[in-house]
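First up is the structure itself, then whatever we jot down about it.
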Number of protein chains: 2
Amino acid sequence: MEIRGLEACPIADVIDVLFSRWTTPILWGLHERGRQRFGDLERHVPGISPKVLTQRLRQLERDGLVARTYHAEVPPRVEYEITPLGASLEPLFGSLSAWGATNMPSIEKARRAYDG
Amino acid sequence: MEIRGLEACPIADVIDVLFSRWTTPILWGLHERGRQRFGDLERHVPGISPKVLTQRLRQLERDGLVARTYHAEVPPRVEYEITPLGASLEPLFGSLSAWGATNMPSIEKARRAYDG
DNA sequence: GTTAGTAGGTACCTAGAGGAAAGTAAAGGG
DNA sequence: CCCTTTACTTTCCTCTAGGTACCTACTAAC
């Protein structure tokens, strides 16, 4: 990773894709409970509105991280699932989770020290 | 406190710490060019305003990822550097960068397919 | 006395993200 | 003819993050 000379952050675009608001809870929900319908996601991602859930799912679909399957029934049924590209995030999220488990206590300690 | 779906996503709090806006360009700049002054950061993080740079530096300092050193001179001189806790992010950012290098082409391809 | 140079602080304002609530489509059942 | 269900879509509104511009303290040098 020799990006010396580049002033912009080289992982900025990756972060935009992976960590924009609501994306990780959605991906996590799909990863945890597998393929599921719109209403299931709405129920399991606490606090999200249907408008924003639709927006984020469209974005994830456009980025190829989530696949949408529409069943032309009445009432309509739509299923979402993680694509192989989305599944390739698993080790990344794993190390993120591991870093958090190791270091979040230090961060909270630093916060208490700073605030006190 | 921001609601990102805390109950549903176990890495939500880590993401709030590491990937809130402007934090990674700042950390990257400190990592690339080492200890530096406020004005240097302002120049090297393109587009950031002094107000927000101050806000983000205070947040990073509070979280223990960045250390601030104030020199009581005239004119004042303040230096920022990454702490060991901040430096522990290097492998994480490395795998993030690697994932991007491997998969961003797939994402852009998916976007073109979706748009077309 | 006034200017330069640094690291902010503060007041004001705007843009845009997101919330709430209502509307839409479709087919079958009553 | 209306009701039901689902997955949105649309409209309206709010709220806040962030931008702009100006203000501050401090001393040396001119």
Side-chain angles (χ1 to χ4, degrees), chain A residues 8-9 12 15-27 29-30 33-63 66-82 114, chain B residues 1-9 12 15-27 29-30 33-63 66-81 114:
Chain A
C9 176
I15 290 171
D16 278 343
V17 170
L18 300 182
F19 303 114
S20 63
R21 207 175 168 191
W22 293 114
T23 54
T24 45
I26 292 172
L27 286 175
L30 288 173
R33 291 178 306 281
R35 163 192 301 201
Q36 57 200 290
R37 304 176 61 174
F38 184 89
D40 297 327
L41 280 168
E42 198 177 355
R43 257 166 259 120
H44 285 288
V45 179
I48 198 167
S49 69
K51 187 184 81 169
V52 175
L53 180 55
T54 301
Q55 286 176 349
R56 287 297 104 92
L57 285 170
R58 288 290 140 78
Q59 174 191 325
L60 291 168
E61 189 194 359
R62 192 174 97 100
D63 289 344
V66 161
R68 185 182 115 114
T69 312
Y70 177 77
H71 303 272
E73 308 166 358
V74 172
R77 183 165 59 95
V78 179
E79 288 180 317
Y80 295 93
E81 61 188 323
I82 293 192
Y114 185 94
Chain B
M1 175 130 7
E2 189 179 0
I3 298 171
R4 215 187 260 270
L6 289 169
E7 303 91 358
C9 182
I15 291 172
D16 277 342
V17 169
L18 300 182
F19 303 116
S20 63
R21 205 169 175 205
W22 293 113
T23 55
T24 46
I26 293 172
L27 286 175
L30 289 173
R33 289 179 307 282
R35 164 192 301 200
Q36 57 200 288
R37 305 176 59 175
F38 184 88
D40 297 326
L41 279 169
E42 196 177 355
R43 256 167 258 120
H44 286 288
V45 179
I48 199 168
S49 69
K51 187 184 81 168
V52 176
L53 180 56
T54 301
Q55 287 176 350
R56 287 297 101 92
L57 284 170
R58 289 290 139 79
Q59 173 191 326
L60 290 168
E61 189 194 358
R62 192 174 97 100
D63 288 344
V66 161
R68 186 183 115 114
T69 311
Y70 177 75
H71 303 272
E73 307 166 357
V74 173
R77 184 165 59 93
V78 178
E79 287 180 318
Y80 294 92
E81 62 188 321
Y114 185 94

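Residue numbers start from 1 in every chain, and the chains themselves are labelled A, B, ... in the order their sequence lines are given, proteins ahead of strands. Keep in mind that what you see is a predicted model, and the values were worked out from it rather than measured.
- Separating the CZ atom of A:R68 from the C1' atom of D:dC8 is a distance of 9 Å, rounded to the nearest angstrom.
- Residues that satisfy the side chain to side chain donor-acceptor pair (under 3.5 Å) test with A:E81, not counting sequence neighbours, are A:R35.
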Contact letters for nucleotides 11-21 of chain C, in which S counts primed atoms plus P, OP1 and OP2 and B counts the base, heavy atoms under 4.0 Å: B------BBB-
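- Partners of A:Q59 by side chain to side chain donor-acceptor pair (under 3.5 Å), not counting sequence neighbours, listed by chain and number: A:S20, A:R56.
- Of all non-hydrogen atoms in B:I26 and B:L57, the two that sit nearest each other are CG2-CD2, 3.9 Å.
- The salt bridge (Lys or Arg N to Asp or Glu O under 4.0 Å) search around B:R77 returns B:E73, B:E79, not counting sequence neighbours.
- Residues forming a side chain to side chain donor-acceptor pair (under 3.5 Å) with A:R62 (at least two apart in sequence, or on another chain): B:D115.
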Reading 5' to 3' through nucleotides 25-30 of chain C, protein heavy-atom contacts under 4.0 Å coded B for base, S for sugar-phosphate only, - for none: -BB---
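- A:D16 meets the salt bridge (Lys or Arg N to Asp or Glu O under 4.0 Å) test with no other residue; sequence neighbours excluded.
- B:Y80 has a side-chain polar atom (N or O) that falls below the 4.0 Å cut-off from OP1 or OP2 of C:dG8.
- Contact check, A:R58 against D:dC8: a side-chain N or O comes under 4.0 Å of OP1 or OP2.
- Under the rule for a side chain to side chain donor-acceptor pair (under 3.5 Å), B:R58 has no partner lying at least two apart in sequence or in another chain.
- Taking atom CG of B:L57 as the reference point, atom C1' of C:dG8 lies 11 Å away to the nearest angstrom.
- Taking the screw axis at each terminus of the helix from C:dG1-D:dC30 to C:dG30-D:dC1 from five consecutive base pairs, the angle between the two is 50° to within rounding of 10 degrees.
- Partners of B:P75 according to the side chain to side chain contact (heavy atoms under 4.5 Å, CB included) rule, which considers only residues two or more places apart in sequence or in another chain, do not exist here.
- Checked for salt-bridge contact, B:R37 and B:D40 miss the test: no charged N lies under 4.0 Å from a carboxylate O.
- Taking A:V78 as the reference, A:R68, A:Y70, A:Y80 meet the side chain to side chain contact (heavy atoms under 4.5 Å, CB included) condition, with sequence neighbours excluded.
- With D:dA7, C:dG8, C:dT6 as the candidates, the nucleotide lying closest to the side chain of B:R37 is C:dT6.
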